[in-house]
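Indexing begins at 1, ligand by ligand and atom by atom, following the structure's order. Atom set for the values below is all heavy atoms of this structure, side chains included, hydrogens, waters and symmetry mates excluded. For clarity, every value in this text was computed on a predicted model and none was experimentally measured.
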Amino acid sequence: MKNLTLRKPTAEDGAAVHRLIAACPPLDTNSAYCNLIQCTHFANTSVIAEVAGQPVGFISGHRVPDRPNTLFVWQVAVGEQGRGQGLAGRMLSHIVARPANEWIEQLETTVTEDNAASWALFEGFARRRGAGLSTQVLFDREAHFEGAHASEILARIGPLARADLRAVAH
Ligand SMILES: CC(C)(COP(=O)(O)OP(=O)(O)OC[C@H]1O[C@@H](n2cnc3c(N)ncnc32)[C@H](O)[C@@H]1OP(=O)(O)O)[C@@H](O)C(=O)NCCC(=O)NCCS
């Protein structure tokens with residue numbers, strides 16, 4: 001992908017991130033305020049991808065408060081024109097390879113059963129690093145979403161070794 005830049009988001013990216021998420025169903029949109037908090041308080045564990053200054057991808061993530069070796073990936077969005085070129089994988093790698101993120105030994109995310117692209121993304125990430133991937137239902141359709149949303153399945157990837165994180169580009 002030509003002229004691609006990956007960097008930490010800032011507050012100035014909040015509105016563009018909000019638009020990008022809205023353009024990437026089935027992702028849930030959050031409030032603009034939520035996206036601003038992601039772009040500021042959680043900038044170290046998030047990334048924005050731009051081509052020629054235009055946002056084409058975004059990942060929000062955070063360190064799990066009571067498990068400080070674990071990165072939780074909240075949302076991954078790649079605009080339609082940018083898909084199928086490994087961008088999501090490169091954004092994930094960019095976050096975990098940051099020197100400030102040396103604490104990452106485990107990666108967690110949730111995916112609905114029908115999201116083939118998302119499963120391929122996380123399975124490929126684990127496979128390229130020789131890490132295990134285990135799954136279990138985290139938020140259940142009936143028990144937690146009152147039937148209004150498909151169950152979210154927790155994918156847990158690890159252990160992640162620093163050497164592997166630096167060596168693998170996507
Ligand atoms: C999921 C998403 C982020 C993937 O972005 P992307 O940049 O196209 O992904 P990549 O090019 O890095 O591909 C990752 C893997 O998914 C595979 N893939 C991509 N699109 C696919 C599809 N529609 N169906 C099945 N597999 C797919 C790729 O082949 C690749 O697998 P590989 O590593 O084994 O070759 C993007 O499709 C998207 O934004 N979708 C809408 C929002 C969403 O569902 N986000 C994820 C939930 S958090």
Quiz item: Can you check whether Arg63's main-chain N or O pairs, donor with acceptor, with Thr45's side chain at less than 3.5 Å?
Solution: no
Quiz item: Residues in side-chain hydrogen bond (donor to acceptor under 3.5 Å, both in side chains) with Glu108, at least two apart?
Solution: Arg67, Arg156
Quiz item: ligand 1: which residues have a non-hydrogen atom closer than 4.0 Å?
Solution: Cys24, Pro25, Pro26, Leu27, Val76, Ala77, Val78, Arg83, Gly84, Gln85, Gly86, Leu87, Ala88, Gly89, Asn115, Ala116, Ala117, Ser118, Ala120, Leu121, Arg127, Arg128
Practice problem: Indicate if Leu20 and Met91 have the same hydrophobic cluster label, given that clusters are the connected sets of ILVMFWY residues with side-chain heavy-atom separations under 4.5 angstrom. | Solution: no
Quiz item: Cut-off 3.5 Å, side chains only: do Gln106 and Thr70 have a donor facing an acceptor?
Solution: no
Quiz item: Should Glu50 and Arg7 count as an ion pair when the cut-off is N to O under 4.0 Å?
Solution: yes
Quiz item: Can the positive tip of Arg129 be found less than 6.0 Å from the middle of the six-membered ring of Phe125, inside 45° of the ring normal?
Solution: yes
